[in-house]
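All remarks here apply to the structure that follows.
Reckoned from all heavy atoms, side chains included, excluding hydrogens, waters and symmetry mates. Keep in mind the model is a prediction, meaning the values are calculated, not measured. Position 1 is the first residue of the sequence, and the numbers go up from there.
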Amino acid sequence: MRLKAEIAAPRVRAVAPVLLGAVMTAALPGLTGCSGPTGHDAAAPRAGDRAAVSAPPGPEATVDLKQWITAFTDRIAQGGHYRIPAAGDREALATGVRRLVDGDPAGAERSLARAGYHARTVVDRDGGRKYAEVADATEDGEAQRGWGRVYVDLGAPVRWQVQVPHPAADQRSEQLGIGVLRGAPGGVLILAGAYRSGGPAGDEDAPDVAHRTDSVFAAVAAALADARLPAVQVHGFADSSLPDEDVVVSPGKGDAGLPAARRLSAALRREELRVCEVWKRYCGRLEGRTNVEGDHADAVGVPFLHVEHARRVRMDDALVARAVRALTRVVERWGAGRAG
């Protein structure tokens with residue numbers, strides 16, 4: 001949430017094709033080489049027992065992950081399209097991601113296909129780490145439905161998630177999510193796929209996935225929370241909303257994330273960022289108390305962090321790097337199986 005809406009400048013770049021498999025490899029620059037319903041039906045393994053996720057079948061593609069994801073979020077425009085997903089679509093996608101995390105790539109692919117989605121492996125050129133990319137199977141679907149993407153680390157047991165609910169509207173907030181995913185093993189990145197106020201006539205706020213349970217984003221986040229994966233959700237606020245602070249840290253509605261919130265606050269201060277801690281004082285309407293992903297995490301007793309970043313932080317690469325280092329310290333602890 002924000003005290004003042006931050007409006008992203010209209011995107012002027014052309015929309016690049018978003019195709020899959022061999023067609024995608026040939027078509028796109030920089031590419032080389034080979035609480036909502038969850039719908040899962042497998043018991044979650046204990047965090048300490050998780051194995052690394054199995055790669056989806058099919059060819060791999062090598063990309064600069066930061067550039068690749070940024071190209072996707074740069075296509076999210078304020079006047080874009082969004083289709084409210086049916087319950088069956090939300091269930092199919094949440095189940096597909098859950099099955100992928102639980103080590104069943106074939107089952108994941110079958111479930112994702114029911115909603116017109118697909119999973120494939122992308123290799124980050126910077127470091128060589130592999131990720132499963134869960135995305136709409138066609139350019140038209142991605143452009144018209146706006147349901148977003150999910151990236152799952154394939155090189156380590158999956159134990160945490162980072163969520164970016166408002167790319168474009170919270171300008172460059174996706175850079176925080178990308179940085180955290182790259183910065184520590186064992187993560188899942190959930191990206192919204194539409195501008196937060198770009199819904200159909202009469203329901204313009206439908207794509208605000210932080211406050212709607214009828215979204216793919218909320219369904220996937222809930223499925224991962226049910227699998228006991230703690231989450232950090234990154235946002236942005238206008239500088240004038242809280243001019244004396246750089247970051248607002250909140251454990252959301254509940255207290256399960258409070259120990260992690262305290263550690264994050266301390267890490268941010270070590271990075272010389274000014275922090276407003278909601279458990280100590282009022283931080284404006286930036287506290288994430290009505291966040292639906294936080295509500296579900298609280299209901300199942302899983303840590304959740306709602307972290308707002310001032311525009312001046314998000315627009316400065318050096319400050320983004322500082323914030324990412326602090327966030328990474330928290331998820332590294334989660335990745336080691338210490339969810340407190």
Side-chain angles (χ1 to χ4, degrees), residues 1-2 5-21 23-24 27-29 36-37 67-94 96-97 111-120 133-151 163-175 177-178 189-222 233-236 292-293:
M1 293 182 290
R2 292 177 299 252
E6 176 184 318
I7 304 299
R11 305 293 183 186
V12 297
R13 61 186 295 176
V15 175
V18 183
L19 303 175
L20 293 170
V23 175
M24 194 171 196
L28 290 180
Q67 294 179 3
W68 182 252
I69 296 176
T70 301
F72 165 67
T73 57
D74 278 353
R75 295 192 292 271
I76 298 173
Q78 188 170 358
H81 298 277
Y82 179 74
R83 184 185 306 166
I84 299 172
D89 291 323
R90 300 194 304 269
E91 180 178 352
L93 292 173
V97 173
S111 185
L112 295 172
R114 292 201 300 271
Y117 262 58
H118 176 84
R120 70 189 190 107
E133 178 186 72
V134 177
D136 208 301
T138 67
E139 176 187 3
D140 181 68
E142 190 157 70
Q144 297 296 320
R145 301 196 296 184
W147 293 347
R149 292 182 181 180
V150 179
Y151 290 85
Q163 305 169 359
V164 184
H166 300 141
D170 291 0
Q171 287 180 296
R172 301 190 84 234
S173 57
E174 73 280 353
Q175 299 305 316
I178 297 167
L189 169 63
I190 311 175
L191 287 162
Y195 200 89
R196 66 180 296 171
S197 57
D203 199 3
E204 288 78 6
D205 291 333
D208 184 0
V209 298
H211 301 100
R212 294 281 295 245
T213 59
D214 59 348
S215 73
V216 168
F217 186 102
V220 171
Q233 189 176 102
V234 293
H235 291 259
V292 299
E293 290 78 33

Evaluation steps, side chain to side chain contact (heavy atoms under 4.5 Å, CB included), between Asp89 and Val216: CA-CA 8 Å; Asp89 291 323; Val216 168; 5.6 Å; no
Mind listing the closest non-hydrogen atom pair of [X] and [Y] along with its distance?
X: Val234; Y: Gly177; result: CG2-N, 4.3 Å
X: Pro167; Y: Ile76; result: CG-CD1, 3.8 Å
X: Ala168; Y: Glu174; result: N-OE1, 4.3 Å
X: Ala192; Y: Pro165; result: CB-O, 3.2 Å
X: Leu112; Y: Gly96; result: CD2-CA, 3.9 Å
X: Tyr82; Y: Asp214; result: OH-O, 4.3 Å

Inset, instruction - For Trp147 and Arg83, indicate whether the former's side chain and the latter's backbone hold a donor-acceptor pair under 3.5 Å. - result: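 Checked: pair present.
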Output the distance between atom [atom1] ([X]) and atom [atom2] ([Y]), rounded to the nearest 0.5 Å.
X: Ile69; Y: Glu133; atom1: CD1; atom2: CD; result: 7.5 Å
X: Thr138; Y: Tyr117; atom1: OG1; atom2: OH; result: 9.5 Å
X: Ser111; Y: Leu93; atom1: OG; atom2: CG; result: 7.0 Å

task: Measure the shortest side-chain to side-chain distance between Tyr151 and Ile178 over non-hydrogen atoms and say whether it is less than 4.5 angstrom.
output: no
Checklist entry - So do Asp136 and Arg145 actually touch side chain to side chain, heavy atoms under 4.5 Å? => result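 Touching, per the 4.5 Å side-chain cut-off.
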Practice prompt. In plain terms, say whether Asp203 and Arg212 are close enough for a salt bridge, that is, a side-chain N and a carboxylate O under 4.0 Å apart.
Written response: yes
Review point. Charged N to carboxylate O below 4.0 Å: is that the case for Glu142 and Arg149?
Key: yes
**Polar side chain donor-acceptor pair, Gln175 to Thr70, under 3.5 angstrom** =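 Distance-only check passes for Gln175 and Thr70.
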- Message: Less than 3.5 Å apart, any donor N or O on the side chain of Gln163 or Glu293 sitting next to an acceptor on the other?
- Response: no
Inset, instruction - May I ask you to decide if the ring planes of His235 and His166 are parallel, tilted or perpendicular, using 30° and 60° as cut-offs? - result: perpendicular
